[in-house]
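Report on the structure given below.
These numbers come from a predicted model, not from an experiment.
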Number of protein chains: 2
Amino acid sequence: MVVNKKIISRFSQYRKALIRFQELGMVKVFSDTLAEAVGVTSAQVRKDFSLYGISGNKRGGYQINGLLDELQAILGKDKIQKVIVSGCGNIGRALIRYTGFEPERIQIVAGFDDDPSKQGRIDALPILPLDAMKDFVSRNRIQIGIIAVPDSAAQPVCDTMVAAGIRGILNFAPIRLKAPDEVVINNVYLQMELENVIYFVNALTKKPRR
Amino acid sequence: MVVNKKIISRFSQYRKALIRFQELGMVKVFSDTLAEAVGVTSAQVRKDFSLYGISGNKRGGYQINGLLDELQAILGKDKIQKVIVSGCGNIGRALIRYTGFEPERIQIVAGFDDDPSKQGRIDALPILPLDAMKDFVSRNRIQIGIIAVPDSAAQPVCDTMVAAGIRGILNFAPIRLKAPDEVVINNVYLQMELENVIYFVNALTKKPRR
DNA sequence: TAGATTGTTAATCGATTAACAATC
DNA sequence: TAGATTGTTAATCGATTAACAATC
């Protein structure tokens, strides 16, 4: 992968901050202001932008409107992104019902689960057996999938997704998935994130200063 | 913060891999083998261990048992970690019901939500109003909290947690929380993780090679 | 002993930041 | 014009890796 994951995360955060600024009626912004809002240095902001050929005005900062357009395009916000979810247990169902995606133009269009008791519909969203994935994905030209199944099912589900034509996966199973290089995989390891917090809390309480 | 977040994440992963190895009946392991399982270099593994004073045998690798004990201690697995969840909507409820925490000795002991329709119990777990947090936290000596409330409520809930004595927070709200330096905050920005996948999928499909 | 693996040092790599010339 | 901010280069910082002496 050529570009860094972190710069894209920052773009997401810049975007969020800019939307807030815009709502406050602001029209332009300095690298300094944006940096502060996101918690990075102003050099970082300017570097990031220049790396993507985004330029401002030498003394007037950046036009929020134009800047947002550029970021939207980079992040693929210019069109609605359709996503499927595999595994409709606790996490899967929460994601399906999660209201934070819609305003970001991310739309979950179907769930998949082989447990018949979960098939049918969740809030108007069809929940289908895994068998139906390939057909559904190609028919609707889906590129992105979320894996929210238990450990043991994660790799086979991943294989099914890849075979169905999915190009990018957000994985919640605490497993390192094997997939061809051209498939993008991003892992969200919940226990690990929590363990991280626990470690640092323990570390700080043990040696109070240092 | 003195130590790096990434090394702790790797410790979590080493630990998981070692448990798998142990289940396979393995007794000792080489840095090479462990590295492969986690997807890092063997130098990384040895460096990480030596940084924490963990040593192996010059020709016999590492004893899995002893290694696990050390990692458990570092990660705070030597005792059960009690955690509270604030916000019992989609995400909060999913975390409460999530079965992946228990085997990791992470125990969610209460939920908090000011919506009376959510108060009561979820699967035997008490769901209380935020008012009750301070008392509950100090009585049960809780140090860790999860924030799974909508944007606008996140900062006040964070303040409540800090006031109640919480030392570490795992935050799911797409917001940068403000808290005193000694409070550890780890953010899980779900939209951002998905946006990352979307970006790289788009980037790869646009310029197929490079 | 010969061979293999650790532990650590030094080299490399990449990302962040400081600094400043260009310029509006 | 004087002042302020961008865009970029060079310096710094930190993390990863290569390499190898120590040693079991």
*Round to the nearest Å and state the distance from A:L51 atom CG to D:dT6 atom P.*
17 Å
_Could you tell me how far apart A:K5 (NZ) and C:dA15 (P) are, to the nearest whole angstrom?_
14 Å
*Classify the side-chain pair A:R105/A:Q81 by whether it contains a donor and acceptor separated by less than 3.5 Å.*
no
_The side chain of B:R59 is closest to which nucleotide in this list: D:dG7, D:dT5, C:dA4?_
C:dA4
*Verify the ring-centre separation between B:Y189 and B:F172: is it less than 6.0 angstrom?*
no
*For B:K28 and C:dT6, give me the distance from atom NZ to atom C1', rounded to whole Å.*
13 Å
*Please list residues of residues 12-26 of chain A whose heavy atoms come under 4.0 Å from any atom in DNA chain C, ordered by number; otherwise none.*
none
*Donor + acceptor pair across side chains of A:N196, B:S9 (<3.5 Å)*: yes
*asked:* Heavy atoms within less than 4.0 Å of DNA chain C: which residues of residues 42-49 of chain A have one? Give them sorted by number.
replied: A:A43, A:Q44, A:R46, A:K47
_Quick check on C:dG7: is either OP1 or OP2 less than 4.0 Å from any side-chain nitrogen or oxygen of B:Y52?_
no
*Contact under 4.0 Å: B:R10 side-chain N or O vs D:dT16 OP1/OP2*: yes
*asked:* Any heavy-atom pair between the side chains of A:I169 and A:I166 that's under 4.5 Å?
replied: yes
*Between A:S50 and A:R46, is any side-chain donor less than 3.5 angstrom from a side-chain acceptor?*
no
*B:N57 side chain N/O closer than 4.0 Å to the phosphate oxygens (OP1, OP2) of C:dT5?*
no
*Is the backbone of B:R59 close enough, under 3.5 Å, to the side chain of B:N57 for a donor and an acceptor to pair up by distance?*
no
*For B:S31 and C:dT6, is the shortest distance between a side-chain N/O and OP1 or OP2 below 4.0 Å?*
yes
*If we ignore angles and hydrogens, is there a donor and acceptor under 3.5 Å between the side chains of B:Q44 and B:R10?*
yes
*Roughly, in whole Å, what's the span from CD1 in A:I7 to P in C:dA15?*
9 Å
*Using whole Å, report how far NZ of B:K58 lies from P of D:dC24.*
7 Å
_N or O in side chain of A:N4 less than 4.0 angstrom from C:dG14 OP1/OP2_ = no
*For side chain to side chain contact (heavy atoms under 4.5 Å, CB included), just list the numbers for A:N171 and A:V188, CA-CA rounded to whole Å, side-chain angles, deciding distance to a tenth of an Å, and then say yes or no.*
CA-CA 6 Å; A:N171 170 46; A:V188 176; over 6 Å; no
_Between B:N65 and B:K28, do the side chains contain a donor N or O and an acceptor N or O under 3.5 Å apart?_
no
*Which nucleotide in the list C:dT6, D:dT17, D:dT5 gets nearest to the side chain of B:Y62?*
C:dT6
_Over all atoms of both residues, closest heavy-atom pair of B:A37 and B:R20_ = CB-NH2, 4.3 Å
*Classify the side-chain pair A:E193/B:N186 by whether it contains a donor and acceptor separated by less than 3.5 Å.*
yes
*asked:* Rounded to whole Å, how long is the line connecting atom CG of A:L67 with atom P of D:dT6?
replied: 11 Å
_Protein-nucleotide distance (B:K6, atom NZ; D:dG14, atom P), rounded to Å_ = 14 Å
*How close or far is atom P of C:dT5 from atom CG of B:L34, stated in whole angstroms?*
14 Å
*Any stems for DNA chain C, made of 3 or more Watson-Crick or G-U pairs in a row, each with both distances under 3.5 Å?*
C:3-24 with D:3-24
*Do B:V137 and B:Q143 pass the side chain to side chain contact (heavy atoms under 4.5 Å, CB included) test, and can you show the C-alpha distance, the side-chain angles, and the key distance before you say yes or no?*
CA-CA 8 Å; B:V137 164; B:Q143 296 197 101; over 6 Å; no
